[in-house]
Amino acid sequence: MPLLHPDAPPRRPVPAVTLPRGSTEPAAHSRHRAALPPRHLADLDLAGRRAAVAELGEREYRAAQLSQHYFGRLTRNPELMTDIPAAARARLAAHLLPGLLDPVRELACDGGKTRKTLWRLHDGSLVESVLMGYPDRVTVCVSSQAGCGMACPFCATGQAGLSRNLSTGEIVDQVVSFAGLAARGAMTGARARLSHVVFMGMGEPLANYSRVIDAVRRLTAAAPDGLGLSQRRITVSTVGLVPAMKRLADEDLAVTLALSLHAPDDDLRDELVPVNRRWKVAEVLQAAWDYAGRTGRRVSIEYAMIKDVNDHPWRADLLGRQLAGRSAHVNLIPLNPTPGSRWEASARPVEREFVRRLRAAGVPTTVRDTRGREIAGACGQLAAAEVEPMSAGTERVRSRGRERKAEQ
Ligand code: SAH
């Protein structure tokens with residue numbers, strides 16, 4: 001009996017992730033190096049920025065001033081940098097604050113509290129990021145790669161393959177752009193401060209390891225070096241690249257780790273998350289527990305609920321046994337159906353029973369809200385759709401998204 005629906009896509013080859021010891025960069029990167037964007041101050045730490053400013057013949061303290069405008073005031077407009085002489089401003093901004101992200105399409109729902117932007121990068125690659133405002137926090141979901149090489153069959157991004165890694169600057173600039181929007185009151189009219197970042201947009205963050213780690217360092221460094229966010233408010237989500245998870249545990253970073261499990265058994269996970277054929281469920285969970293042990297951070301187990309594929313009561317029980325007593329909680333994600341696939345989200349009663357069984361096993365479990373569904377909020381859906389550049393203003397899609405927690 002096939003594990004997946006008869007209309008499931010054909011079995012995919014194991015993703016080509018080359019992870020030699022000490023290096024978690026995919027081999028694909030070297031082929032795409034030429035496509036990386038111009039250097040941006042967010043690519044550099046403060047010492048590197050000082051050196052870059054000196055190379056331009058400017059005083060080194062201009063690096064801190066420039067950084068303060070970018071990370072502190074969330075602006076890159078040279079005209080607003082009145083503490084820097086006018087002649088130097090334009091030159092410094094041109095060399096250290098090049099425009100990396102060109103908005104192609106902007107969508108909003110939930111009365112403006114959810115906003116999604118499709119960006120075109122300098123080489124024409126498309127990536128998405130999402131801003132979500134909640135009563136107690138403001139979260140940005142960022143992309144770490146243009147496309148993705150992990151080939152998960154239920155994920156829109158996974159269908160197109162990997163174009164290239166994003167640079168540190170391209171990752172950080174997604175966050176800074178949205179932080180600026182929120183600070184200027186673009187969400188609800190009230191000024192809001194960005195508090196959380198999740199690496200749950202396009203791409204596999206741990207396959208672009210060093211740039212993602214540098215981005216995390218920029219996001220968490222105090223101003224003017226960085227954005228000053230708390231490490232624990234940054235979530236890095238992974239399909240489970242075990243060597244990279246181990247390396248992450250060795251960094252002096254206490255970011256939250258999310259593991260996209262989606263199945264408790266290897267037979268099914270081999271299909272839903274093809275990289276499982278390389279690192280099995282037991283091994284990936286062990287790496288997660290090691291991470292939790294090292295950092296003291298509870299791991300988030302992500303589980304997309306796919307009707308009749310992975311939502312069986314016995315799978316809830318198996319998952320419960322695997323996670324009971326561990327430093328973990330489960331985040332169930334109702335499947336966001338991707339165009340062209342007939343896979344559906346699990347029915348509500350099935351979802352409720354899954355939650356009940358996990359909780360009965362002592363595993364804290366929540367169901368993720370379905371924010372942004374009306375604006376193709378699932379990973380990669382906007383980039384996958386045929387995209388026409390906006391002519392004027394932003395397109396707004398009105399809808400009524402609702403946050404919900406299981407059994408509330
Ligand atoms: N590559 C990383 C991060 C990107 S995706 C990872 O896989 O963890 C962020 C989360 O959204 C992952 O858990 C992913 O499996 C999930 N996801 C992708 N497509 C989805 C869909 N159509 N419906 C529900 N969740 C989806």
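First listed ligand is number 1; within each ligand, the first listed atom is number 1. Residues take their numbers from the sequence shown, with the count starting at 1.
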Quick one: does [X] get an N or O within less than 3.5 Å of an N or O on ligand 1?
X: S237; result: yes
X: P334; result: no
X: G203; result: yes

Inset, instruction - Hey, can you tell me if F354 and Y303 have their rings parallel, tilted or perpendicular (30° and 60° cut-offs)? - result: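 If you compare the ring of F354 with that of Y303, the planes turn out tilted.
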
Can you name the atoms of ligand 1, numbered from 1 with element, that are less than 4.0 Å from a heavy atom of [X]?
X: C155; result: 18 (C), 19 (N)
X: S260; result: 6 (C), 7 (O), 8 (O), 12 (C), 13 (O), 15 (O)
X: T238; result: 6 (C), 8 (O)
X: F199; result: 3 (C)
X: H262; result: 13 (O), 14 (C), 15 (O)

Inset, instruction - Go through the steps to decide whether V255 and R297 satisfy the test side chain to side chain contact (heavy atoms under 4.5 Å, CB included), and finish with yes or no. - result: CA-CA 8 Å; V255 295; R297 305 290 303 141; over 6 Å; no

Classify the contact between [X] and ligand 1 as side chain, backbone, both or neither, using a heavy-atom distance cut-off of under 4.0 Å.
X: I333; answer: side chain
X: T338; answer: side chain
X: E302; answer: side chain

Inset, instruction - Could you tell me which residues satisfy side chain to side chain contact (heavy atoms under 4.5 Å, CB included) with T235, sequence neighbours excluded, listed by chain and number? - result: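 By the side chain to side chain contact (heavy atoms under 4.5 Å, CB included) rule, T235 matches V198, M200, T256, A258.
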
Inset, instruction - Could you pull out, from N336, L241, V239, V275, the option with a heavy atom nearest to atom 22 (N) of ligand 1? - result: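 Nearest heavy atom to atom 22 (N) of ligand 1 lies in N336.
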
Legend entry - The one among G201, A258, G240 that brings a heavy atom closest to atom 4 (C) of ligand 1: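 Selected option, by shortest heavy-atom distance: G201.
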
Taking the side chain as every heavy atom from C-beta outward, state whether [X] and [Y] have any pair of such atoms under 4.5 Å apart.
X: L206; Y: V212; result: no
X: E170; Y: R164; result: yes
X: R326; Y: W289; result: yes

Inset, instruction - Work out which heavy atom in S67 is nearest to a heavy atom in R49; give both atom names and the distance. - result: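 Nearest heavy atoms, S67 then R49: OG-NH1, 3.0 Å.
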
Inset, instruction - Can you spot which of V216, N208, T238 makes a side-chain contact (heavy atoms from CB on, under 4.5 Å) with F199? - result: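 In the set V216, N208, T238, the residue that makes a side-chain contact (heavy atoms from CB on, under 4.5 Å) with F199 is V216.
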
Inset, instruction - Tell me, please: is E204 in heavy-atom contact with ligand 1, that is, under 4.0 Å? - result: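 Contact present.
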
Legend entry - 4.0 Å heavy-atom contact, S144 with ligand 1: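 No heavy atom of S144 comes that close to ligand 1.
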
Legend entry - Atom CZ of R232 with >12 non-hydrogen neighbours under 6.0 angstrom: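 Counting neighbours around CZ of R232, 12 or fewer heavy atoms of other residues, nucleotides or ligands fall under 6.0 Å, so no.
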
Inset, instruction - Could you tell me whether a side-chain N or O of D266 sits under 3.5 Å from a main-chain N or O of V281, the two making a donor and an acceptor? - result: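 Present.
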
